[in-house]
There are 2 protein chains.
Amino acid sequence: MTSSRLRRRKLSEPTIARLPVYQRIVEEWIGQERSRIDSAQLGELAGVTATTVRRDLAGLGTLGTRGAGYDVAILHTCIGEALGHDQHCDVVVIGMGNLGRALVNSSSFLTRGARLVGLYDADPLVVGTVIDGHLVRAIDEPMIAASVAVICVPASAAQAVADRCVGAGIHALLNFAPQVLAVPLGTAVHDVDLSIELQVLLYHLHNGTGPLGGGLLHALARADAPAHRTPPAETPWH
Amino acid sequence: MTSSRLRRRKLSEPTIARLPVYQRIVEEWIGQERSRIDSAQLGELAGVTATTVRRDLAGLGTLGTRGAGYDVAILHTCIGEALGHDQHCDVVVIGMGNLGRALVNSSSFLTRGARLVGLYDADPLVVGTVIDGHLVRAIDEPMIAASVAVICVPASAAQAVADRCVGAGIHALLNFAPQVLAVPLGTAVHDVDLSIELQVLLYHLHNGTGPLGGGLLHALARADAPAHRTPPAETPWH
DNA sequence: GGATGTGAAGTAGTTCACAGCC
DNA sequence: GGCTGTGAACTACTTCACATCC
């Protein structure tokens, strides 16, 4: 099908992390029935340079049209293919506290290539309830087959949960618990700490000069709000 | 205070993002009453090489003892100083849905350098309730003075909330809404997209080669990794 | 001996600048 | 004209290797 223009090159890690950002912007534009976008626009919205956008997208294949930018439908298809959105991975979420609920209820988290197949919790009051159409099972029930487990339990329970996942043949863990997990070789653990971004922001506040934004994911100031425009000269922080 | 050994060099962005990870590990060790750690141990727990640990820590000053590693108390003090934990920034959290509650209830998010000064929500049923000791105010009340706003509202409300924050003089936004925010120059927006981590994991699953191993932190530079204060008493790290 | 701290080398990522095509 | 795609230059970060100090 669409793959004629696709190039299957190895993508760099930063590029992979930016693709979902581009995808989200492209979906916004599709929702607004805008049909084309150029690298400068996409870069501004994503908070990266136009060159970076072009370099990233060129890694997927020849998606653009010289002189005319990118067709958003083509972008959507090709980024989706690169991220594996045409396939589906089975995902279980373990721990239905506030964070687990937030992820399951989120419109953006478990869409696009991920299929939720099971929810688990330890609390007897929660087990048996239905969240977003999914029955919550007891943590000590046999675990459903899945490719990825999302761990949202308290730190003190995280290692035991990880052990159960590995025992159930799940070799990719997305760990939201602030806890070092010991897993056998061959199991991937991806840790997410929600406090890191705040810590980095605080560091830059205290030290005056952050690069405006400074992360991989930041929306740079948009030029269409000239009323508040501050000169880039001195201490734009605080 | 202890600053004699401190060096106030500009730290690289990846280093800044790793410091909270080191800090959390150090706090675990302090909780276990272990007094020294070496770069190899710290690196293994953090998921980075020993050399990277030494390079990062050397950027803070001469913290170690050749032949004997690092004193965890000194590490804790100096990393804390580098991250600005001795000062505090006032933070408001806007949007008390599951995600906002998860952040406020988290033991690791609003500690260390951040002081929660206000909660806001749009839902009349939530306004007036108390969450973790803090009264929830209506989103249209005048906003309390703060340095940082954490935005946890739905995407459709995020821009309006950002505008209110800017109007209230808040120039650092941590945005959890999957929405591009337009802000005037001089305001920093840090976007955190929880779905990105899962997307990256899925990409690696589909493409065979993912980074694997048991460390806390893998090579990804941003929006990644942990930091946290362990509960008192024992922590089962195997 | 043993582990830090660091110049030097290597690698990865970004930005420049422009050729190529619409 | 405008904008993409990409070699070349540049910058940033990591890793190597070892001198240095306890």
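Regarding Leu60(A), its CG atom lies at a distance of 14 Å from the P atom of dT4(D), rounded to whole Å. Here the C1' atom of nucleotide dG2(C) and the CD1 atom of Ile37(B) are 16 Å apart, to the nearest Å. Here dG5(C) presents its C1' atom at 15 Å from CG of Leu42(B), a figure rounded to the nearest Å. For the pair Arg66(A) CZ and dG5(D) C1', the interatomic distance rounds to 5 Å; values are reported in whole Å. Regarding Arg36(A), its CZ atom lies at a distance of 16 Å from the P atom of dG2(D), rounded to whole Å. Taking atom CG on Leu63(A) and atom C1' on dC21(C), their separation rounds to 16 Å, with Å as the unit. Residue Asp71(B) contributes atom CG, which lies 16 Å from atom P of dA3(C) at whole-angstrom precision. Atom CD1 in Ile74(A) sits roughly 17 Å away from atom P in dC3(D) (whole-Å rounding).
Not a single donor-acceptor pair under 3.5 Å links the side chain of Arg54(A) to the backbone N or O of Ser39(A). Distance alone, capped at 3.5 Å, places no donor-acceptor pair between the Ser106(B) side chain and the Ala102(B) backbone. Between the side chain of Arg18(B) and the backbone N or O of Asp56(B), no donor-acceptor pair lies under 3.5 Å.
Glu81(B) and His206(A) share no side-chain donor-acceptor pair at under 3.5 Å. A donor and an acceptor atom, one from each side chain of His204(B) and Glu13(A), are located under 3.5 Å apart. Side-chain N/O atoms of Arg115(B) and His88(B) include a donor and acceptor closer than 3.5 Å.
Listed pair Arg18(A) / dT14(C) meets the phosphate criterion, a side-chain N or O lying under 4.0 Å from OP1 or OP2. Distances shown here put every side-chain N or O of Tyr70(A) at or beyond 4.0 Å from the OP1 or OP2 atom of dC22(C).
Looking at Leu75(B) and Trp29(B), their side chains never come closer than 4.5 Å, going by heavy atoms from C-beta outward. With contacts defined as side-chain heavy-atom distances shorter than 4.5 Å, the pair Leu11(B)/Leu60(B) qualifies. In this structure, Phe109(B) and Leu116(B) have side chains that are not in contact, with every pair of non-hydrogen atoms separated by 4.5 Å or more.
The stretch residues 50-58 of chain B touches DNA chain D through Thr51(B), Thr52(B), Arg54(B), Arg55(B), each having a heavy atom within less than 4.0 Å of the strand.
For Asp38(B), taking side-chain heavy atoms from C-beta onward, the closest of the listed nucleotides dG13(C), dT14(D), dA3(C) is dA3(C).
Fit an axis to the five pairs at each end of the helix from dG1(C)-dC22(D) to dC22(C)-dG1(D) and the two axes sit 10° apart, to the nearest 10 degrees.
Note on Ser39(A): only backbone sugar-phosphate atoms sit closer than 4.0 angstrom, heavy atoms only; bases stay farther off.
Position along DNA chain C of the nearest nucleotide to Thr15(A) versus Thr65(B) favours Thr65(B) as the more 5'-ward residue.
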